[in-house]
Trainee: 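Please read through the structure below; I'll follow up with questions.
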There are 2 protein chains.
Amino acid sequence: MSSQMTEMLKGTLEGIVLAILATQPAYGYEITARLRDEGFSTIVEGTVYAILLRIEKHGFVDVEKVPSEKGPPRKVYSINAKGREQLDGFWQTWGFLTERIAKLHTEHTRGED
Amino acid sequence: MSSQMTEMLKGTLEGIVLAILATQPAYGYEITARLRDEGFSTIVEGTVYAILLRIEKHGFVDVEKVPSEKGPPRKVYSINAKGREQLDGFWQTWGFLTERIAKLHTEHTRGED
DNA sequence: CCCATCTACTCTGTGTTGCTGAGTACCAGT
DNA sequence: ACTGGTACTCAGCAACACAGAGTAGATGGG
């Protein structure tokens, strides 16, 4: 898409992945595909796996190795209590930011249009 | 506020500054104060000045040196045509992102509450 | 006169983040 | 044996916001 989107995803992509995991456990390849379905067409595998390793290291998820019938074993990630806390914080911060920016946007469009 | 906010501001803070400049020309010290008023209490001067230098280098703004009665001369920034283009792109990208994430949020909160 | 304080801008170095691009490995169909 | 889809890993990179210090002009108190 744009380099603007790349920069904007910083700090939000991790939250997005946690939000996806909050609906149901999933593995990397699956999450990548789901992100593409959701419209994030530019996000590549390497990025998603990096985030998964990071949130695993931070203890936000539990991991389970599950054999696949179609290839190498899958690492299935489930969000845990600490991860939900992190996700709650994400939604709070996100809410604050969107509110402020929405206010700026109305100020900006006031008089145009 | 939080390190989460710091990461989230990446890619959006420049847009925020451009949006402020779109309402009226301003100088760095003023913008910093305005951001604090708007609720972005963690943003420090160094960050704002860095953004201003960047958008100046990218040609998004015109600069005029205006003497101050209270200190060193001010660098007053005015958004120009290229800057407005950039700002439009920012609002588009931002709109797309907020839409996707809002969808994720409703999916996430569905069944909780 | 000197020093503190407020205004106003600059600069260097740091940590985090997502992207690029390549690599490894398992399995099925031809 | 070879190709292609599945599934994960890793090293190097660029961009960004932050931390913290520095420079400089003006004003007022001791």
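Chain identifiers are assigned alphabetically (A, B, ...) following the order of the sequence lines, protein sequences preceding nucleic acid strands; residue numbering begins at 1 within each chain. Atoms considered below: every heavy atom in the structure, side chains included; atoms not considered: hydrogens, waters and symmetry mates.
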Trainee: Please collect all salt bridge (charged side-chain N to carboxylate O under 4.0 Å, His left out) contacts where either partner lies in residues 3-12 of chain A, sequence neighbours excluded, each pair once.
Mentor: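 Output for this query lists A/E7-A/K10.
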Trainee: Please name all residues satisfying side-chain hydrogen bond (donor to acceptor under 3.5 Å, both in side chains) with B/T93, sequence neighbours left out, ordered by chain then number.
Mentor: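 Here the qualifying residues are A/Q4.
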Trainee: Shorter than 3.5 Å, N or O on both sides, protein versus nucleotides 1-5 of chain C: list them out with atom names.
Mentor:
none

Trainee: Which part of the nucleic acid, if any, lies within reach of B/E45 when heavy atoms closer than 4.0 Å are counted: base, sugar-phosphate only, or nothing?
Mentor: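 Contact class for B/E45: base.
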Trainee: Sequence neighbours left out, what passes salt bridge (charged side-chain N to carboxylate O under 4.0 Å, His left out) with A/E30? Give chain and number order.
Mentor: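 Salt bridge (charged side-chain N to carboxylate O under 4.0 Å, His left out) list for A/E30, sorted by chain: empty.
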Trainee: Among pairs that include at least one residue of residues 89-102 of chain A, which meet salt bridge (charged side-chain N to carboxylate O under 4.0 Å, His left out), considering only residues two or more places apart or in two chains?
Mentor: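 Residue pairs passing salt bridge (charged side-chain N to carboxylate O under 4.0 Å, His left out), neighbours aside: none found.
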Trainee: Given A/W94 and B/I101, is the side chain to side chain contact (heavy atoms under 4.5 Å, CB included) satisfied, shown in steps?
Mentor: CA-CA 9 Å; A/W94 178 251; B/I101 292 186; 3.5 Å; yes
Trainee: Which letters describe nucleotides 24-30 of chain C, given B = protein heavy atom under 4.0 Å from base, S = only from sugar-phosphate, - = neither?
Mentor: -BBS---
Trainee: With ring-ring contact (aromatic ring centres under 6.0 Å, His included) as the rule and sequence neighbours excluded, what pairs involving residues 22-43 of chain B come up?
Mentor: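 For residues 22-43 of chain B: none.
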Trainee: Side-chain atoms of residues 52-61 of chain B: list all donor-acceptor pairs with protein atoms under 3.5 Å, sequence neighbours left out, distances to 0.1 Å.
Mentor:
from  : atom 1 : to    : atom 2 : distance (Å)
B/R54 : NE     : B/E14 : OE1    : 3.3
B/R54 : NH2    : B/E14 : OE1    : 3.2
B/E56 : OE1    : B/K75 : NZ     : 3.4

Trainee: Please find the earliest and latest nucleotides of DNA chain D, in the 5' to 3' direction, that have an atom within less than 4.0 Å of any heavy atom of chain B.
Mentor: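 On DNA chain D, the outermost contacted nucleotides are D/dC16 to D/dA26.
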Trainee: For B/S68, enumerate each residue passing the side chain to side chain contact (heavy atoms under 4.5 Å, CB included) test, keeping only those at least two apart in sequence or located in another chain.
Mentor: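 With sequence neighbours excluded, B/S68 shows a side chain to side chain contact (heavy atoms under 4.5 Å, CB included) to B/K70, B/R74, given in chain and number order.
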Trainee: Quick one: list whatever passes side chain to side chain contact (heavy atoms under 4.5 Å, CB included) with B/D62, sequence neighbours left out.
Mentor: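 Partners of B/D62 by the side chain to side chain contact (heavy atoms under 4.5 Å, CB included) criterion, ordered by chain and then number, come out as B/N80.
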Trainee: Going by heavy atoms closer than 4.0 Å, what residues in residues 47-55 of chain B are next to DNA chain D?
Mentor: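 Correct list: B/T47, B/I51, B/R54.
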